[in-house]
Amino acid sequence: DVKVTQSSRYLVKRTGEKVFLECVQDMDHENMFWYRQDPGLGLRLIYFSYDVKMKEKGDIPEGYSVSREKKERFSLILESASTNQTSMYLCASSFGGRGYTFGSGTRLTVV
Amino acid sequence: AQTVTQSQPEMSVQEAETVTLSCTYDTSESDYYLFWYKQPPSRQMILVIRQEAYKQQNATENRFSVNFQKAAKSFSLKISDSQLGDAAMYFCAYRTSAGGGGYGKLTFGQGTILTVHP
């Protein structure tokens with residue numbers, strides 16, 4: 001089975017910190033995605049990548065950046081964490097958009 | 001831009017009964033894909049069912065079936081013989097078929113929390 005692994009299940013960070021959320025997939029998928037999940041809002045796309053070193057903004061990229069130096073790893077970076085970035089973050093990967101595999105999420109709290 | 005709307009924040013059903021979750025979407029495209037995902041407390045998103053817009057036949061997966069009304073832009077999920085393990089958050093999602101399939105980003109609805117009573 002394809003696996004998408006997110007490095008942390010829970011994370012607590014202070015306002016202003018630089019935060020890295022890591023995501024690794026093990027099946028050579030070309031596409032990787034970062035979503036943010038909030039109650040009443042569903043999942044919203046932050047950034048996605050369709051190849052190494054390639055990235056595209058999603059619907060809510062403000063305050064975030066991403067890095068994809070290797071095909072299997074897609075990192076989400078909060079340059080200066082703020083309390084309104086407290087949320088659940090989900091990573092996903094897909095091949096050609098046909099099948100999606102999600103990670104188990106990182107619940108980030110910014111205090 | 002496409003939008004997906006789930007108007008039922010919460011639904012409940014008795015074990016062994018049938019429940020229908022609603023989803024509507026807005027798009028100007030004629031070819032696309034629709035999905036229902038289940039997210040249990042473990043947070044792991046699980047694909048429940050998928051529908052291709054060009055197929056008129058409604059998709060079915062065991063106890064799960066959809067009512068796809070393309071003209072009305074409606075995509076409801078019916079769960080028959082509900083089980084305790086069906087309790088979860090359910091998300092409706094849309095994906096365009098355009099863009100060469102190289103991106104495949106999903107647009108999600110707000111989610112519906114399903115409670116199953118024994």
Side-chain angles (χ1 to χ4, degrees), chain A residues 1-6 8-11 23 25 29-52 54-61 66 68 71 74 87-108, chain B residues 1-10 21-26 29 31-53 59 61 75 88-114:
Chain A
D1 283 349
V2 176
K3 283 194 176 175
V4 175
T5 303
Q6 294 185 231
S8 303
R9 191 162 174 84
Y10 297 94
L11 210 53
C23 176
Q25 51 100 355
H29 280 179
E30 57 196 21
N31 303 321
M32 296 189 75
F33 309 84
W34 274 107
Y35 288 90
R36 171 177 170 159
Q37 181 178 351
D38 298 290
L41 296 177
L43 279 73
R44 294 176 291 167
L45 182 64
I46 305 171
Y47 267 97
F48 64 101
S49 169
Y50 52 91
D51 202 351
V52 175
M54 305 302 286
K55 59 186 178 184
E56 293 278 346
K57 292 180 180 179
D59 300 318
I60 52 164
V66 290
R68 194 167 181 197
K71 193 172 187 178
F74 191 36
S87 186
M88 170 83 81
Y89 291 87
L90 285 165
C91 177
S93 72
S94 76
F95 176 71
R98 286 185 282 277
Y100 297 82
T101 302
F102 286 85
S104 295
T106 296
R107 190 174 294 280
L108 172 67
Chain B
Q2 295 80 21
T3 58
V4 178
T5 302
Q6 293 177 249
S7 58
Q8 306 155 317
E10 297 182 23
L21 308 184
S22 301
C23 173
T24 58
Y25 58 95
D26 188 24
E29 299 175 333
D31 197 15
Y32 46 87
Y33 300 88
L34 295 165
F35 305 83
W36 278 100
Y37 280 91
K38 170 185 177 181
Q39 187 184 45
S42 68
R43 304 184 201 162
Q44 188 66 52
M45 294 282 275
I46 301 164
L47 177 64
V48 175
I49 204 162
R50 160 191 159 127
Q51 174 82 42
E52 290 134 323
E61 288 288 341
F75 183 61
M89 174 81 85
Y90 286 82
F91 289 101
C92 178
Y94 171 103
R95 182 181 86 77
T96 181
S97 66
Y103 302 157
K105 54 185 177 178
L106 295 170
T107 300
F108 287 86
Q110 299 88 340
T112 298
I113 299 172
L114 177 66

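Below, chains carry the letters A, B, ... as their sequence lines are ordered, and counting in each starts from 1.
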Do [X] and [Y] have side-chain heavy atoms sitting under 4.5 Å apart?
| X | Y | answer |
| --- | --- | --- |
| Gln37(A) | Phe91(B) | yes |
| Arg44(A) | Phe108(B) | no |
| Met45(B) | Val4(A) | no |

Pick one of side chain, backbone, both or neither for [X], based on which atoms fall under 4.5 Å of a heavy atom in chain A.
| X | answer |
| --- | --- |
| Ile46(B) | neither |
| Gln6(B) | neither |
| Tyr37(B) | side chain |

Of all heavy-atom pairs between [X] and [Y], which one has the smallest distance, and what is that distance?
| X | Y | result |
| --- | --- | --- |
| Arg9(A) | Ser42(B) | NH2-O, 3.4 Å |
| Tyr35(A) | Leu106(B) | OH-N, 3.0 Å |
| Phe33(A) | Lys105(B) | CE2-CA, 3.6 Å |
| Gly40(A) | Gln110(B) | O-CG, 3.3 Å |

### Task
Name the region of Leu45(A), side chain, backbone, both or neither, that has any atom closer than 4.5 Å to a heavy atom of chain B.
side chain
### Task
Sort Met32(A) into side chain, backbone, both or neither according to what part of it lies under 4.5 angstrom from a heavy atom of chain B.
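Looking at Met32(A), nothing touches chain B.
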### Task
Go through Tyr100(A) and Arg95(B) one step at a time and tell me if the side chain to side chain contact (heavy atoms under 4.5 Å, CB included) criterion holds.
CA-CA 11 Å; Tyr100(A) 297 82; Arg95(B) 182 181 86 77; 2.5 Å; yes
### Query
With sequence neighbours left out, which residue pairs that include part of residues 36-48 of chain B fulfil the salt bridge (Lys or Arg N to Asp or Glu O under 4.0 Å) condition?
none
## Note on the structure
With sequence neighbours left out, the residues meeting side chain to side chain contact (heavy atoms under 4.5 Å, CB included) with Asp51(A) are Met54(A)
